[in-house]
Protein chains: 2
Amino acid sequence: MTGTRWLDEHEMAAWTAYLAASHLLERRIEEQLKAEAGLTHAQYEILARLSAAPGGRLRMTELAHGVVASKSGLTYQVGRLEAMGLVTRETCPSDERGVLAVLTGAGAACLERTAPGHVAVVRTLLIDLLEPRELETMTRVMRKVEAALRDAPPSR
Amino acid sequence: MTGTRWLDEHEMAAWTAYLAASHLLERRIEEQLKAEAGLTHAQYEILARLSAAPGGRLRMTELAHGVVASKSGLTYQVGRLEAMGLVTRETCPSDERGVLAVLTGAGAACLERTAPGHVAVVRTLLIDLLEPRELETMTRVMRKVEAALRDAPPSR
DNA sequence: TAGGTGTAGTTCGAATTCGAACCAAAGGGA
DNA sequence: TCCCTTTGGTTCGAATTCGAACTACACCTA
């Protein structure tokens with residue numbers, strides 16, 4: 001208990017840079033999506049995931065896992081999207097309890113309309129700033145982090 | 001308007017890995033701090049910033065900038081911390097409008113008590129997963145992102 | 001020194017998020 | 001076939017966040 005390994009100068013620099021960058025990036029994305037499409041980043045992510053899924057449909061739990069939200073948080077956002085007409089709910093045929101979130105035509109259209117602006121932001125504020133080497137390293141690193149977090153769930 | 005440069009396979013992999021990892025990491029940190037110290041990550045960051053500042057005090061605006069929060073968000077959190085006795089407010093001697101957030105003895109003690117557990121999480125879920133090269137790249141990348149975001153404020 | 005512009009923080013209302021508690025259906029023995 | 005545990009989603013309440021509007025003070029200029 002006595003020996004805490006503190007972060008040295010370089011480690012601290014990495015951590016603070018990461019914190020600032022990730023918060024700023026999130027804020028900017030949020031702002032851009034809200035202004036241009038009236039969507040939250042969370043909502044956009046849901047639409048994007050559904051669009052990539054076969055049949056434009058996913059089980060709520062899978063979706064929650066994919067977008068990294070709590071179950072209740074996903075329920076709320078799918079409710080919002082449903083009210084906007086971008087998503088519908090269907091009960092899962094194979095499991096009466098299950099619910100499928102389904103992308104509607106309007107949802108697909110909204111995504112198509114919104115994606116270019118969003119991608120542009122992600123590009124200019126992250127992707128295009130990186131050398132190929134850096135992009136590769138970043139992917140490797142983030143995957144390690146994700147794996148570490150998904151493996152050792154402390155309570156969830 | 002016709003030609004959107006979409007993300008290619010590798011770029012998309014980097015982006016999705018980043019999104020997942022950053023959300024998961026944030027959630028875990030939040031959970032650990034809440035459980036062990038009853039603090040939000042935002043609150044911890046405020047205490048840490050104050051602790052690092054000369055005299056344990058900072059102007060509200062500087063603090064908001066440092067922790068990347070909105071002015072109103074910072075007002076709220078400093079209010080919370082004040083209620084917990086970890087921070088006090090003083091009016092700035094040189095500028096009657098200004099407010100200084102000041103770390104109290106209890107605040108310093110709380111931080112001291114809390115820091116080891118927090119650092120441990122940051123280490124095991126991020127820092128210790130990286131090779132020295134990767135840490136260096138990560139720092140460079142995040143600084144580029146931060147600079148890009150701080151330079152081109154679209155509205156803020 | 002009076003007026004106008006800009007800056008520092010706070011207040012207010014709306015939206016979002018989470019976890020805990022809850023309900024319903026599935027699945028697996030005895 | 002009848003519990004009993006597990007799993008899938010929703011509901012509810014509390015906390016947090018943001019932006020817009022607002023107040024008060026500072027600074028510059030005529």
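We name chains A, B, ... by the order of the sequence lines, and we start the count at 1 in each one.
Checked for salt-bridge contact, Arg113(A) and Glu36(A) miss the test: no charged N lies under 4.0 Å from a carboxylate O. No salt bridge links Arg49(B) with Glu62(B); every basic N to acidic carboxylate O contact stays at or beyond 4.0 Å.
Remark: Ala52(B) engages no residue in a side chain to side chain contact (heavy atoms under 4.5 Å, CB included) (not counting sequence neighbours). Qualifying side chain to side chain contact (heavy atoms under 4.5 Å, CB included) partners for Thr88(A), counting only residues two or more places apart in sequence or in other chains: Val102(A), Thr104(A). By the salt bridge (Lys or Arg N to Asp or Glu O under 4.0 Å) test, Lys71(A) pairs with no residue at all, sequence neighbours left out. Taking Arg57(A) as the reference, Glu90(A) meet the salt bridge (Lys or Arg N to Asp or Glu O under 4.0 Å) condition, with sequence neighbours excluded. Applying the salt bridge (Lys or Arg N to Asp or Glu O under 4.0 Å) criterion to Arg5(B), with sequence neighbours excluded, gives Asp128(A). Partners of Glu146(A) under the salt bridge (Lys or Arg N to Asp or Glu O under 4.0 Å) rule, at least two apart in sequence or in another chain, are Arg150(A). Scanning for side chain to side chain contact (heavy atoms under 4.5 Å, CB included) contacts around His23(B) gives Glu26(A), Val68(A), Leu19(B), with sequence neighbours left out.
In the region residues 75-85 of chain B, proximity to DNA chain D at under 4.0 angstrom, judged on heavy atoms, holds for Tyr76(B), Gln77(B), Arg80(B). Within a heavy-atom distance below 4.0 Å of DNA chain C, no residue of residues 32-48 of chain B is found.
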Tabulate protein N/O versus nucleotide N/O from nucleotides 21-24 of chain C, keeping only pairs under 3.5 Å, one per line.
none

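Per the geometry, CG belonging to Leu74(B) stands 14 Å off P belonging to dG19(D), to the nearest Å. Glu26(B) places its CD atom 13 Å from the P atom of dT16(D), with the value rounded to the nearest Å.
Across dG9(D), dA26(C), dA26(D), the shortest atom-to-atom separation from the side chain of Met60(A) is found for dG9(D).
In this model, the phosphate group of dT7(D) is not approached by any side-chain N or O of Arg59(A) to a distance below 4.0 Å at OP1 or OP2. Between Arg89(B) and the phosphate of dT10(C), there is a side-chain N or O to OP1/OP2 separation shorter than 4.0 Å.
Applying the ring pair (Phe, Tyr, Trp, His ring centres under 6.0 Å) test to pairs two or more places apart or on separate chains, none has a residue in residues 70-112 of chain B. Annotation: ring pair (Phe, Tyr, Trp, His ring centres under 6.0 Å) contacts involving residues 97-137 of chain B, sequence neighbours excluded, comprise His41(B)-His118(B), Tyr44(B)-His118(B).
Between the side chain of Ser72(B) and the base of dG19(D), a donor-acceptor pair under 3.5 Å is found.
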